[in-house]
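Just below is one structure, and these are the notes that go with it.
Since the structure is predicted, the reported quantities are computational estimates derived from the model, not experimental observations.
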Amino acid sequence: MENLIPIGDLFEAHLTVSQLDRAVAFYRDLLGLRVARVFPERRVAFFWIGVPGKAMLGLWETGIMPMSISLHVAFRVAISDLHEAPARLQKAGVQPRDFDGRPTEEPVVLAWMPAASVFFHDPDNNLLEFITMLTDSPRPDLGVLPWSDWVRRGENQSAHGA
């Protein structure tokens, strides 16, 4: 059986925590992880593991995970495969989803990183993600937007390789 999308590496894992501020202090101050970004209004923090852009840990205060799930894993894939992922997932009977859990036919861009992603669920409803870091400059002000909007804005310097 041919792979749906070739996975290059584990990019990100997420944990739920009971107190975000306490957890941030532990992972930052005791374990020495570099803070990538904290979203206090969403009660979530992201840490780079090793070199920024290579691997990430997300901490979500209990009950805050996207799409009301508790487990999430992201796999690094090539940008060309990421663009094919929605069609390949649909062909395999798996619904590709955007960041908010809505069905999608294209990746979304997490502009604060920036990275492009496609989300989907496994048979046990765990949230999985295919992700590609982009070489563009971070644009936290843009939030999360569809790939086509990113391209229309001219923010796709890395559209053909990241």
Test applied, side chain to side chain contact (heavy atoms under 4.5 Å, CB included); reference residue, T132; option that passes from D81, I79, V109: I79

Non-hydrogen side-chain atoms of W60 and H14 separated by less than 4.5 Å: yes

Sub-4.5 Å side-chain heavy-atom contact between R34 and P52: yes

Would you say the ring centers of H83 and W147 fall short of 6.0 Å from each other? yes

Are L89 and L4 packed together at the side-chain level, in the sense that at least one heavy-atom pair is separated by less than 4.5 angstrom? yes

Mind checking salt bridge (Lys or Arg N to Asp or Glu O under 4.0 Å) for D141 and listing every partner two or more places apart, or none if nothing turns up? R139

Derivation and outcome, ring-ring contact (aromatic ring centres under 6.0 Å, His included), residues F120 and F130: CA-CA 9 Å; F120 57 102; F130 291 139; 4.8 Å; yes

May I ask you to decide if E129's main-chain N or O and S117's side chain share a donor-acceptor pair within less than 3.5 Å? no

Q95 CD: over 12 foreign heavy atoms closer than 6.0 Å: yes

How long is the gap from CD on E61 to CZ on R42, to the nearest 0.5 Å? 13.0 Å

By ring pair (Phe, Tyr, Trp, His ring centres under 6.0 Å), which residues pair with F39, not counting sequence neighbours? W112

Could you see if L30 belongs to whatever hydrophobic cluster contains V35? Use Ile, Leu, Val, Met, Phe, Trp, Tyr and a side-chain cutoff under 4.5 Å. yes

Whether F119 and F99 hold their rings parallel, tilted or perpendicular, with breakpoints at 30° and 60°: perpendicular

F11: what forms a ring pair (Phe, Tyr, Trp, His ring centres under 6.0 Å) with it, not counting sequence neighbours? none

For F75, is there any backbone N or O sitting under 3.5 Å from a side-chain donor or acceptor partner on E12? no

